[in-house]
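Structure record follows, encoded as C-alpha cells.
As the structure is a computational prediction, the values presented were derived from the model and not from experiment. A, B, ... follow the sequence lines: proteins, then strands. Residue 1 opens every chain.
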2 protein chains.
Amino acid sequence: MATKAPPGCEQIVSNRERSMFVNVNAHPGSRPRTLGQLGELSRARVILSEFKYNKGTEIFGEAEPADYIYQVGDGAVRTHKLLSDGRRQIGAFHLAGDIFGLENGLTHRFTAEAIVDTTVRLMKRCSLEHVAETDAMVALDLLNMTTSNLRHAEDHMLLLGRKTSLERVAAFLREMDLRLTAAGVMALPMSRRDIADYLGLTLETVSRALSHLHGMGILGFLGQTQRQIVLLDRGRLAELDL
Amino acid sequence: MATKAPPGCEQIVSNRERSMFVNVNAHPGSRPRTLGQLGELSRARVILSEFKYNKGTEIFGEAEPADYIYQVGDGAVRTHKLLSDGRRQIGAFHLAGDIFGLENGLTHRFTAEAIVDTTVRLMKRCSLEHVAETDAMVALDLLNMTTSNLRHAEDHMLLLGRKTSLERVAAFLREMDLRLTAAGVMALPMSRRDIADYLGLTLETVSRALSHLHGMGILGFLGQTQRQIVLLDRGRLAELDL
DNA sequence: CGGCCTTTTGATGCCGATCAAATTCAGTGG
DNA sequence: CCACTGAATTTGATCGGCATCAAAAGGCCG
C-alpha cells in the first residue's frame with residue numbers, strides 16, 4: 001500500500017515511529033469526537049502515513065486483509081456492505097477525527113469510500129496488536145472503541161427494523177446535528193442516496209421526508225446548496241424520533 | 001439481586017470464588033459455542049451464581065445498572081429494545097453457552113428475557129473489570145466477545161435495511177440451523193412473534209414465508225409442534241439468502 | 001450559456017402490514 | 001384418553017407506506 005497508491009489516492013506523508021494520533025483535536029476544523037475514544041492509544045508509537053483520497057474512491061474493500069486502521073483527518077468516509085444484486089447498506093458515516101477500519105479478525109467487514117476529498121491517517125495494525133497483547137490499557141481502549149461501534153450498530157438495528165421513514169430521517173438529522181453542526185448550519189457531505197442507503201430507504205423517500213420537515217417549519221435549507229440544513233426546532237424534531 | 005429474587009426467578013446455587021465457566025461445553029445438551037469465546041476468561045476466578053428464570057420473565061431491563069454478565073446454561077434468552085409505543089426490535093437470541101449482558105458502560109443497552117424456562121450463570125462484573133485492567137489477555141477476550149457481537153449486529157443491519165421478507169426468514173433459518181440443529185431437526189424455542197421482531201417483520205409475514213418455503217420443498221414441519229423444523233434442502237435455502 | 005448531475009415532485013404499483021377468521025396446538029381437568 | 005379452553009399459528013382479504021417509474025426543477029462547473 002505504501003509502495004503503490006491506487007487511483008484517486010495520493011500519499012502525503014509517511015513517518016515511521018511517530019505517534020499517530022497526537023493533537024487530533026487541535027486539527028483545524030475538527031470538533032470534539034463522539035466516537036472513537038483514543039485514550040492510551042495516543043501514546044502507542046506506530047508507523048504512520050497520511051493519504052488523500054479523492055471523492056468517491058475506495059479506501060479499502062470488504063473482505064480485504066485488514067492491515068491498517070484509519071482515522072479521518074479532513075473530509076468524510078462511508079462504510080457499507082453490498083448484496084450480490086447491488087443493494088447497499090451503509091453502516092456508518094465517519095467524520096473528522098473518527099477511527100474506522102478497526103477489525104479484530106483478519107479482514108474488513110465493510111467497504112470504505114471517501115464521500116468527499118478526504119485525508120486519512122493510517123497505522124499498521126500489527127504493531128498495534130503487538131502492543132495490545134501486553135498492555136491491558138491499550139487493549140481496553142480498543143475495547144472501548146469497539147463498544148462504541150457496537151452501541152451505534154444496536155441503535156441502528158432498532159431504526160432499520162422498526163422506525164418509519166420520517167422517524168429515520170429525524171434520527172439521522174439529530175445524529176448529524178450532534179456531529180457536524182457549526183454556526184447553526186449542518187453541512188452534509190453525503191448525497192440523498194447515501195442517506196437513503198444508511199437509513200434503509202430510497203433517495204426519493206428521504207427527499208420527501210426532508211421536504212415534509214421543511215413544510216412543518218422544523219428545518220430550513222440554506223441558499224446555494226441543498227446540502228446545507230438549518231435546524232429551526234430541535235424540540236419538535238426530537239419528538240419525531242421515538 | 002442475590003438477596004431478593006424477582007418473580008419468576010429462583011436462585012439455584014451461589015458459590016464465591018469459583019471459576020465461572022469451567023466445563024461449559026461438558027454441560028449436558030449444550031453444543032459448541034459459535035459466539036462468546038471465553039479463552040482466558042475461564043481462568044478468572046469470580047463470584048458465581050446460578051439462577052433459573054421462568055418462561056417469559058425479565059432477566060434485566062434496558063438502562064438498568066449492568067452489575068453482572070450472564071451465560072445461558074439450559075434454555076434460551078432474547079434481548080430487545082422497545083420504542084415508546086411498543087414496537088420491539090430483538091437484537092439477538094442467546095442459546096446454551098452464549099454470553100449476554102456484557103456491557104462496557106454502566107447500564108444495559110437491551111432488555112433480556114427468558115424465552116423458555118432457562119438457567120443462567122452470572123458473575124459480578126466489577127470483579128471481571130478489575131482483572132481486565134491488569135491482564136491484557138482477559139481484556140483481549142472481552143474485546144473478542146464484543147467484536148463477535150459487533151459482527152452479528154453489522155450483518156443484521158444489512159438484513160434489516162435491505163433484504164426482502166423471504167431473504168430475512170431464509171437467513172434466520174440458516175443462522176438457527178448452525179446453532180441448534182440436532183439429529184436433523186431444528187427445535188425453535190421462540191415464537192413467530194419473536195422471529196418477526198428479530199427480522200423487522202410481522203408474525204403473519206414470517207408465517208407466510210415459512211409456508212412458502214414449505215411449499216417449495218425446502219423445509220418440513222415435524223409432527224407434534226410447528227416449532228420443529230426439518231431443513232430438506234440447505235442448498236436452495238442458501239440461494240435465497242443473498 | 002449548456003451539459004450533467006442531484007434533488008424534488010408527481011403518478012402508480014407492490015410488498016408487507018393490518019384486520020379478520022379458521023385451524024392447530026398445548027395445557028388442564030374430568 | 002378425551003373434552004374443553006385459550007394461545008399460537010396459518011390463511012385469507014384488504015390497506016397503506018414506501019418503492020418504483022417518470023419528469024421537472026435546481027445546482028455545479030466547464
Side-chain angles (χ1 to χ4, degrees), chain A residues 54-56 78 83 85-89 115-117 159-170 172-173 186-216 219-229 240, chain B residues 54-56 78 83 85-89 115-117 159-173 187-216 219-229 240:
Chain A
N54 291 333
K55 175 179 176 172
R78 61 180 175 244
L83 292 176
D85 61 358
R87 280 173 285 173
R88 182 175 72 150
Q89 179 63 44
I115 297 174
V116 293
D117 291 355
L159 179 148
L160 293 171
R162 288 302 180 210
K163 291 188 181 179
T164 66
S165 61
L166 193 60
E167 288 165 354
R168 294 181 201 210
V169 171
F172 169 76
L173 289 172
M186 189 183 341
L188 298 176
M190 70 290 284
S191 69
R192 299 290 186 260
R193 170 166 292 282
D194 287 338
I195 298 171
D197 285 346
Y198 179 59
L199 300 178
L201 300 169
T202 60
L203 63 91
E204 292 95 330
T205 298
V206 170
S207 178
R208 273 183 249 271
L210 290 171
S211 296
H212 189 228
L213 292 171
H214 181 60
M216 291 172 76
L219 60 85
F221 296 107
L222 208 64
Q224 306 288 50
T225 163
Q226 297 300 70
R227 291 196 188 175
Q228 292 196 316
I229 290 178
L240 295 174
Chain B
N54 290 334
K55 174 177 175 174
R78 60 179 176 247
L83 292 176
D85 62 357
R87 280 173 285 172
R88 181 176 73 151
Q89 179 63 44
I115 297 174
V116 293
D117 291 355
L159 180 148
L160 293 170
R162 289 303 180 209
K163 290 187 181 179
T164 66
S165 61
L166 194 60
E167 289 165 352
R168 293 180 201 211
V169 171
F172 169 76
L173 289 173
L188 297 176
M190 70 290 282
S191 69
R192 299 290 185 260
R193 170 166 292 283
D194 287 339
I195 299 172
D197 285 346
Y198 179 59
L199 299 177
L201 299 169
T202 60
L203 62 91
E204 292 95 330
T205 298
V206 171
S207 178
R208 274 183 250 270
L210 289 171
S211 296
H212 189 230
L213 293 170
H214 182 60
M216 292 171 76
L219 61 84
F221 295 108
L222 208 64
Q224 308 290 47
T225 163
Q226 297 299 71
R227 291 198 188 174
Q228 292 195 316
I229 290 179
L240 294 173

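In this structure, the CE atom of M190(A) is 15 Å from the C1' atom of dT6(C), given to the nearest Å. Between the CG atom of L199(A) and the P atom of dC18(D) there is a distance of 12 Å, rounded to whole Å. Residue R227(B) contributes atom CZ, which lies 14 Å from atom P of dA7(D) at whole-angstrom precision. In this structure, I115(A) atom CD1 and dT6(C) atom P are separated by 14 Å, rounded to whole Å. Atom P of nucleotide dT6(C) and atom CG of L210(A) are separated by 17 Å, given to the nearest angstrom. For the pair D117(B) CG and dG27(C) P, the computed distance is 10 Å after rounding to whole Å.
Scanning both residues, L203(B) and R193(B), for their nearest heavy atoms gives CD2-NH2, 3.4 Å. Smallest separation of non-hydrogen atoms from L240(A) and A170(A): CB-CB, 3.9 Å. Closest of all the heavy-atom pairs between L210(B) and L219(B) is O-CD1, 4.1 Å.
A heavy atom lying under 4.0 Å from DNA chain D marks the following residues of residues 201-208 of chain B, by number: L203(B), E204(B), S207(B), R208(B). Within residues 161-170 of chain B, the residues approaching DNA chain C are T164(B), S165(B), by heavy-atom distance under 4.0 Å.
In terms of the ring-ring contact (aromatic ring centres under 6.0 Å, His included) criterion, residue partners of H214(B) (sequence neighbours excluded) are, by chain and number, F221(B). With sequence neighbours left out, R87(B) forms a salt bridge (charged side-chain N to carboxylate O under 4.0 Å, His left out) with E167(A), D85(B).
Between L159(A) and Y198(A) there is no side-chain heavy-atom pair separated by less than 4.5 Å. Using a 4.5 Å cut-off on side-chain heavy atoms (C-beta onward), I229(B) and L222(B) make no contact. Side-chain contact between V206(A) and T202(A) is absent, with no heavy atoms from C-beta onward closer than 4.5 Å. Side-chain contact check for R227(B) versus P189(B): every heavy-atom pair is 4.5 Å or farther apart. Under the 4.5 Å side-chain criterion, counting only non-hydrogen atoms from C-beta, L83(A) is not in contact with Q89(A).
Using a 4.0 Å cut-off between a side-chain N of Lys or Arg and a carboxylate O of Asp or Glu, R78(A) and D197(A) do not qualify as a salt bridge. Under 4.0 Å is where a charged nitrogen must lie from a carboxylate oxygen, and between K55(B) and D117(B) no such pair does. In this structure, R88(B) pairs ionically with D194(B), as a charged nitrogen and a carboxylate oxygen lie closer than 4.0 Å.
For the helix from dC1(C)-dG30(D) to dG30(C)-dC1(D), the end axes, each set by the C1' atoms of five terminal pairs, are bent relative to each other by 40° (nearest 10°).
When each of G200(B) and S211(A) is assigned the nucleotide of DNA chain C bearing its nearest heavy atom, the one mapping closer to the 5' terminus is S211(A).
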Nucleotide N/O to protein N/O under 3.5 Å, stretch nucleotides 21-23 of chain C:
none

